[in-house]
Protein chains: 2
Amino acid sequence: MVYNKTEKVIAKQQNLRDKILKAAREILAEEESEKTSIKAIAKRAGIATGTFYLYFTNKEALMETVVKELYSELLYIIKKERAKYNNVFDKLQASMEICVQTFMKEKHLAKIFLEHFPEINTAFHAKFTDIENDLIQFAKQDIDDLVAQHLIPQQDTQVSATAFVGSFRQVIFSWISHGEPKDWDQAFNTLLEYNMRGLGRQKN
Amino acid sequence: MVYNKTEKVIAKQQNLRDKILKAAREILAEEESEKTSIKAIAKRAGIATGTFYLYFTNKEALMETVVKELYSELLYIIKKERAKYNNVFDKLQASMEICVQTFMKEKHLAKIFLEHFPEINTAFHAKFTDIENDLIQFAKQDIDDLVAQHLIPQQDTQVSATAFVGSFRQVIFSWISHGEPKDWDQAFNTLLEYNMRGLGRQKN
DNA sequence: CCAAGAATTGAACTGTTATTCAGTTTATGC
DNA sequence: GCATAAACTGAATAACAGTTCAATTCTTGG
């Protein structure tokens with residue numbers, strides 16, 4: 001005979017799955033700990049190591065889920081912010097601004113996205129590369145628009161978009177690694193000015 | 001009684017040490033292989049695993065040596081190229097150009113410098129971060145010079161230098177990861193233009 | 001050529017981590 | 001309350017990497 005799960009059990013299991021994901025994110029984000037072992041994650045989630053495997057097929061599946069979650073969270077935030085503006089320059093600026101703000105508010109998110117976890121497998125790392133690439137494609141669309149509108153000169157927009165994202169990535173990464181720059185408002189302005197000039201925005 | 005090594009033995013040992021370093025670099029640079037184990041490195045060098053420990057105290061020491069070698073090779077190349085120019089813009093451009101050329105000619109070098117090896121320990125990874133940082137400091141010096149000479153406007157040169165290096169890093173990384181852009185001459189020009197505009201170089 | 005020192009070998013040791021599974025606890029439906 | 005299913009447990013397993021060391025091979029200097 002097959003038993004059906006009650007609502008209560010379903011809720012409890014959903015809750016447990018969330019707990020595991022939360023524990024994984026916390027441990028990944030932690031400064032010191034290098035131990036992203038299943039044992040450590042299970043312990044943090046308050047379950048036995050074996051139980052983990054009732055919720056995820058293996059470690060890689062967990063990591064993939066973590067990354068997908070973070071990614072969609074970031075995308076949601078960016079899209080929401082972009083919707084507030086019509087002007088493409090403003091969209092581009094808003095995208096970066098909200099990205100940076102999010103990273104600063106949730107340093108752990110930044111750490112997971114931008115730092116490279118030596119102990120995590122290659123497949124996981126490849127996912128990050130994909131995300132970086134998606135961000136570049138978003139930037140490229142905006143830059144293509146700007147070229148089409150003759151607001152900036154003709155250029156290799158793929159390269160420009162890559163440069164654009166790369167400059168932001170590096171500054172944010174520097175901030176995560178050594179806490180520099182201290183004054184982010186000023187740094188953000190410098191960075192934005194740098195890239196706007198870089199794209200060839202006309203003075204108005 | 002203590003025996004003295006003959007010239008021949010000393011030469012052979014130096015040669016063996018070099019072989020180990022070469023094997024390590026090859027294996028690190030390889031596309032597919034995830035296996036950067038001492039066993040694999042020793043095998044490639046044609047020695048037993050135990051022999052490795054007669055030449056390096058441990059794996060970390062080997063990695064440090066590999067990184068230091070690569071680093072000094074890159075620095076040597078950059079310095080040599082910079083010496084050819086007097087104008088600071090030219091020095092800055094030449095530094096980047098020779099960096100990119102070197103990475104393109106020796107893709108394995110680029111891979112070791114710019115990709116992130118998940119299986120390699122944190123200490124090793126930190127070394128790369130240091131190198132990236134040194135490159136930023138070099139760029140900063142040039143940019144400081146340019147500001148002092150009133151060739152570009154006042155700016156947060158640390159942020160600009162970080163953005164500068166970051167944009168190059170990202171484009172080179174993209175090339176390593178997915179082979180884009182195809183036409184490097186054009187891409188390099190775009191990138192250089194982008195950054196020169198970004199720095200605020202006056203039209204002449 | 002030979003005895004002692006030096007170098008080399010690779011199997012064994014150690015530590016670590018993902019994964020499994022036999023035994024235990026909890027939930028279900030009558 | 002009970003029989004059975006489902007969930008949970010955590011010690012055991014397996015696989016793998018860095019390191020060691022007793023045994024072996026090569027080198028030295030007389």
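Both backbone and side-chain heavy atoms feed into the values below; hydrogens, waters and symmetry mates do not. Each chain gets a letter, A, B and so on, in the order its sequence line appears, and its residues count up from 1.
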Kindly say whether [Y] contributes a backbone atom to a donor-acceptor pair with the side chain of [X] at under 3.5 angstrom?
X        : Y        : value
A:Gln155 : A:Leu199 : yes
A:Asn15  : A:Ala11  : no
B:Lys12  : B:Glu7   : no

Going by atom types alone, do A:Gln170 and B:Glu132 pair a side-chain donor with an acceptor below 3.5 Å?
yes
Can you tell me which residue pairs pass the salt bridge (charged side-chain N to carboxylate O under 4.0 Å, His left out) test with a partner in residues 37-49 of chain A, sequence neighbours excluded?
A:Glu26-A:Arg44, A:Glu30-A:Arg44
I'd like a table of atom pairs between the protein and nucleotides 28-30 of chain C - only N or O on both sides, under 3.5 Å - with the distance next to each one.
unit_1, atom_1, unit_2, atom_2, d
C:dT28, OP1, A:Thr6, N, 3.0
C:dT28, OP1, A:Thr6, OG1, 2.3
C:dT28, O3', A:Asn4, O, 3.4
C:dT28, O2, A:Tyr3, OH, 3.0
C:dG29, OP1, A:Asn4, N, 2.9
C:dG29, OP1, A:Asn4, O, 3.4

Starting at [atom1] of [X] and ending at [atom2] of [N], how long is that distance when rounded to a whole Å?
X       : N      : atom1 : atom2 : result
B:Asn15 : C:dA7  : CG    : C1'   : 15 Å
A:Ile10 : D:dA6  : CD1   : P     : 13 Å
A:Phe52 : D:dC8  : CZ    : P     : 14 Å
A:Gln13 : C:dT26 : CD    : C1'   : 12 Å

Name the nucleic acid region contacted by B:Tyr55, choosing base, sugar-phosphate or nothing; use a 4.0 angstrom heavy-atom cut-off, strictly under.
sugar-phosphate
Using a heavy-atom cut-off of 4.0 Å across all strands, would you classify B:Leu16 as base, sugar-phosphate, or nothing?
sugar-phosphate
Would you list the protein and nucleotides 13-18 of chain D atom pairs, both N or O, that sit under 3.5 Å from each other?
unit_1, atom_1, unit_2, atom_2, d
D:dA17, OP1, B:Lys35, NZ, 3.1
D:dG18, OP1, B:Lys59, NZ, 2.2
D:dG18, OP2, B:Ile38, N, 2.9

Can you tell me how far apart NZ (B:Lys84) and CG (B:Asp90) are? Round to the nearest 0.5 Å.
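Between B:Lys84 NZ and B:Asp90 CG, I get 12.5 Å after rounding to 0.5 Å.
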Out of B:Asp145, B:Asp144, B:Asp142, which one pairs with B:Thr157 under the side chain to side chain donor-acceptor pair (under 3.5 Å) rule?
B:Asp144
B:Glu69 with B:Arg25: basic N within carboxylate O range, under 4.0 Å:
yes
Could you tell me whether the side chain of B:Arg197 reaches within less than 4.5 Å of the side chain of B:Glu193, counting heavy atoms only?
yes
Within less than 4.0 Å of OP1 or OP2 of D:dT9, is there a side-chain N or O belonging to A:Thr51?
yes
Out of D:dC8, C:dA7, D:dG10, which has the shortest distance to the side chain of A:Leu54?
D:dC8
